[in-house]
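Here is the naming used below: chain letters follow the sequence lines, and residue numbers restart at 1 for every chain.
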Amino acid sequence: MPELPEVETFTRNLREGTAGCFALPGRIVRGYRLHWRKTLASPEPQQLDEWLPGQKVVAVKRRGKFLMLELTAYTMLFHLRMSGDLVTAVLGDDVAFKHIRFELIFKDGSRLIFNDPRKFGRVWVTPDPGEVLSRLGPEPLDASLTPAEFYSRLQGRKRVIKSLLLDQGFIAGLGNIYTDEALHLAGIHPQTSSHSIKARAAGCLLEAIRMVLSEGIARNGASIDWVYRGGEYQNNFRVYGRQGMPCPVCGTHIQRMLVGQRGTHICPQCQKK
DNA sequence: CCTGAAACCTGTCTGC
DNA sequence: TGCAGACAGGTTTCAG
């Protein structure tokens, strides 16, 4: 489900609290419950029995599409993949979620619930989060990624631009929605070879990526179907899911195509090869 | 190194 | 109403 803006929204809510979601920092872990074995990527469950009790939540952070709970001596990482959802509740609450895969239980009886219908989501606990995050590319919103650096990275690869933007090792956090939106905003056809993008266009693309991600964060992410709720960015889509509808820039009908086996939405007028 | 296909899963929607 | 098939915000692995 979620891309960078949606994970950022979860992160902010769990760090600071919001209506219907309480803040995690300061809570002490009592234990956990694992309802679907594969959801726990690492370590083995018996290792968690040893590691988790007594750990305090020190901070809640995001890196790419990973949400990180920094504990006293370990880091717990969540990847929500296609349908993961993180919600808070109190022990004993009758929770309406039908697909709970993992729960983190705190000493005060509160709990963090990982609900995930499609079972693609994963949880890691590790003393060194670098083990899980080492292959990620740069954060798109981090100022240390300069237009010159971004251009140079594009030049170093010879791939279809949309597939490259979806590659988390190239840049971390973009998914199918924000990639389509950014390419449209930058006026770049998704099948353009990364190698052929000029410095000026690369600068536009980086700027477009930052615009759509910032706007997504400002609107608490995008809610499209039953999976994720609470976001408003779906009301600002320029092309995603709008096949047959007019381009907001020129009025041409938006087309849907496949690029790297992913549904892709373009304005054929604004995004020429 | 690059691409496409398949696998991992369940839920929803469309068309017959 | 029932049912098959397509499709879904992601990532990994494998064949060519």
Requested in this report: Under the ring-ring contact (aromatic ring centres under 6.0 Å, His included) rule, collect the residues that match up with A:His184, sequence neighbours excluded.
Outcome: none

Query raised in the report: Phosphate oxygens OP1/OP2 of C:dT11: is one of them under 4.0 Å from a side-chain N or O of A:Arg135?
Result: no

Query raised in the report: Using atom C1' of each nucleotide, how far apart are C:dG9 and B:dT3 to the nearest Å?
Result: 23 Å

Query raised in the report: Any idea which of C:dA8, C:dG9, B:dC9 is nearest the A:Arg256 side chain?
Result: C:dA8

Report summary line: One should report the stems of DNA chain C, each a stretch of at least three consecutive Watson-Crick or G-U pairs at distances under 3.5 Å, as B:2-8 with C:10-16, B:10-16 with C:2-8

Query raised in the report: Do A:Trp51 and A:Gln47 have side-chain atoms, one donor and one acceptor, less than 3.5 Å apart?
Result: yes

Query raised in the report: Is there a donor in the side chain of A:Thr126 and an acceptor in the side chain of A:Asp128, or the other way round, less than 3.5 Å apart?
Result: no

Query raised in the report: Are any of A:Lys119's side-chain N or O atoms less than 4.0 Å away from OP1 or OP2 of B:dC8?
Result: no

Report summary line: Rounded to whole Å, NE2 of A:His265 lies from C1' of C:dG9 at a distance of 11 Å

Query raised in the report: Which whole number of Å gives the distance between the P atom of C:dA6 and that of B:dA6?
Result: 12 Å

Query raised in the report: Can you tell me how far P of C:dG10 sits from CZ of A:Arg118, to the nearest Å?
Result: 10 Å

Requested in this report: Taking atom types as modelled, find out whether A:Tyr178 and A:Glu6 have a side-chain donor-acceptor pair closer than 3.5 angstrom.
Outcome: yes

Report task. Indicate yes or no: does A:Glu44 engage A:Arg37 in a salt bridge with an N to O separation below 4.0 Å. Result -> yes

Nucleotides 2-6 of chain B: which of its N/O atoms have a protein N/O under 3.5 Å away?
{"from": "B:dC2", "atom 1": "OP1", "to": "A:Arg157", "atom 2": "NE", "distance (Å)": "3.4"}
{"from": "B:dC2", "atom 1": "OP1", "to": "A:Lys158", "atom 2": "N", "distance (Å)": "3.1"}
{"from": "B:dC2", "atom 1": "OP2", "to": "A:Arg157", "atom 2": "NE", "distance (Å)": "3.4"}
{"from": "B:dC2", "atom 1": "OP2", "to": "A:Arg157", "atom 2": "NH2", "distance (Å)": "2.9"}
{"from": "B:dT3", "atom 1": "OP1", "to": "A:Val160", "atom 2": "N", "distance (Å)": "3.2"}
{"from": "B:dT3", "atom 1": "OP2", "to": "A:Arg159", "atom 2": "NE", "distance (Å)": "3.0"}
{"from": "B:dA5", "atom 1": "N7", "to": "A:Gln261", "atom 2": "NE2", "distance (Å)": "2.5"}

Requested in this report: Please check if the side chain of A:Asn13 supplies one atom and the backbone of A:Thr18 the other of a donor-acceptor pair under 3.5 Å.
Outcome: no

**Report entry** Separation of B:dT10 P from A:Phe120 CZ (nearest whole Å)
**Finding:** 9 Å

Query raised in the report: OP1, OP2 of C:dG10 versus side-chain N and O of A:His79: anything below 4.0 Å?
Result: no

**Report entry** Ring centers of A:Tyr240, A:Tyr233 separated by less than 6.0 Å
**Finding:** no

**Report entry** Remaining members of hydrophobic cluster (4.5 Å side-chain criterion), A:Leu133
**Finding:** A:Phe66, A:Met68, A:Leu77, A:Trp124, A:Val132, A:Leu136

Query raised in the report: Are A:Leu80 and A:Phe114 close enough that some pair of their side-chain heavy atoms sits under 4.5 Å apart?
Result: yes

Query raised in the report: What integer distance in Å separates A:Arg101:CZ from B:dG11:C1'?
Result: 12 Å

Query raised in the report: When you check the phosphate oxygens OP1 and OP2 of B:dG11, does a side-chain N or O of A:His99 lie under 4.0 Å from one of them?
Result: yes

Requested in this report: Nearest whole angstrom, please: distance from the C1' of C:dT11 to the CG of A:Leu77.
Outcome: 16 Å

Query raised in the report: Between A:Glu103 and A:His35, does any side-chain donor sit less than 3.5 Å from a side-chain acceptor?
Result: yes

Query raised in the report: CG of A:Asn115 versus P of B:dC9: gap in Å, rounded?
Result: 17 Å

Query raised in the report: Rounded to the Å, how far apart are A:Tyr240 OH and C:dG10 C1'?
Result: 12 Å

Report task. Check DNA chain B against residues 165-172 of chain A and give the residues with a non-hydrogen atom under 4.0 Å, in numerical order. Result -> none

Query raised in the report: Hey, is A:Glu232 close enough to A:Arg219 for a salt bridge, meaning N to O under 4.0 Å?
Result: no

Show which side-chain atoms of residues 150-162 of chain A pair as donor or acceptor with protein atoms under 3.5 Å away, not counting sequence neighbours.
{"from": "A:Arg153", "atom 1": "NE", "to": "A:Phe170", "atom 2": "O", "distance (Å)": "3.4"}
{"from": "A:Arg153", "atom 1": "NH2", "to": "A:Gly169", "atom 2": "O", "distance (Å)": "3.3"}
{"from": "A:Arg153", "atom 1": "NH2", "to": "A:Phe170", "atom 2": "O", "distance (Å)": "2.8"}
{"from": "A:Gln155", "atom 1": "NE2", "to": "A:His195", "atom 2": "O", "distance (Å)": "3.0"}
{"from": "A:Gln155", "atom 1": "NE2", "to": "A:Ile197", "atom 2": "O", "distance (Å)": "3.2"}
{"from": "A:Arg159", "atom 1": "NH1", "to": "A:Asp167", "atom 2": "OD2", "distance (Å)": "2.9"}
{"from": "A:Lys162", "atom 1": "NZ", "to": "A:Asn176", "atom 2": "OD1", "distance (Å)": "2.6"}
{"from": "A:Lys162", "atom 1": "NZ", "to": "A:Asp180", "atom 2": "OD1", "distance (Å)": "2.7"}
{"from": "A:Lys162", "atom 1": "NZ", "to": "A:Gly263", "atom 2": "O", "distance (Å)": "3.3"}
{"from": "A:Lys162", "atom 1": "NZ", "to": "A:Thr264", "atom 2": "OG1", "distance (Å)": "2.9"}

Query raised in the report: Is the closest basic N to carboxylate O distance between A:Lys65 and A:Glu3 below 4.0 Å?
Result: no

Query raised in the report: Under 4.0 Å between a side-chain N/O of A:Lys65 and OP1 or OP2 of C:dG10, yes or no?
Result: yes

Report task. Indicate, with a heavy-atom threshold strictly under 4.0 Å, whether A:Asp116 touches base, sugar-phosphate, or nothing. Result -> nothing

Query raised in the report: Can a side chain N or O of A:Tyr178 be found less than 4.0 Å away from OP1 or OP2 on C:dG9?
Result: no

Query raised in the report: Whole Å only: how far is the NZ atom of A:Lys38 from the P atom of B:dA7?
Result: 13 Å

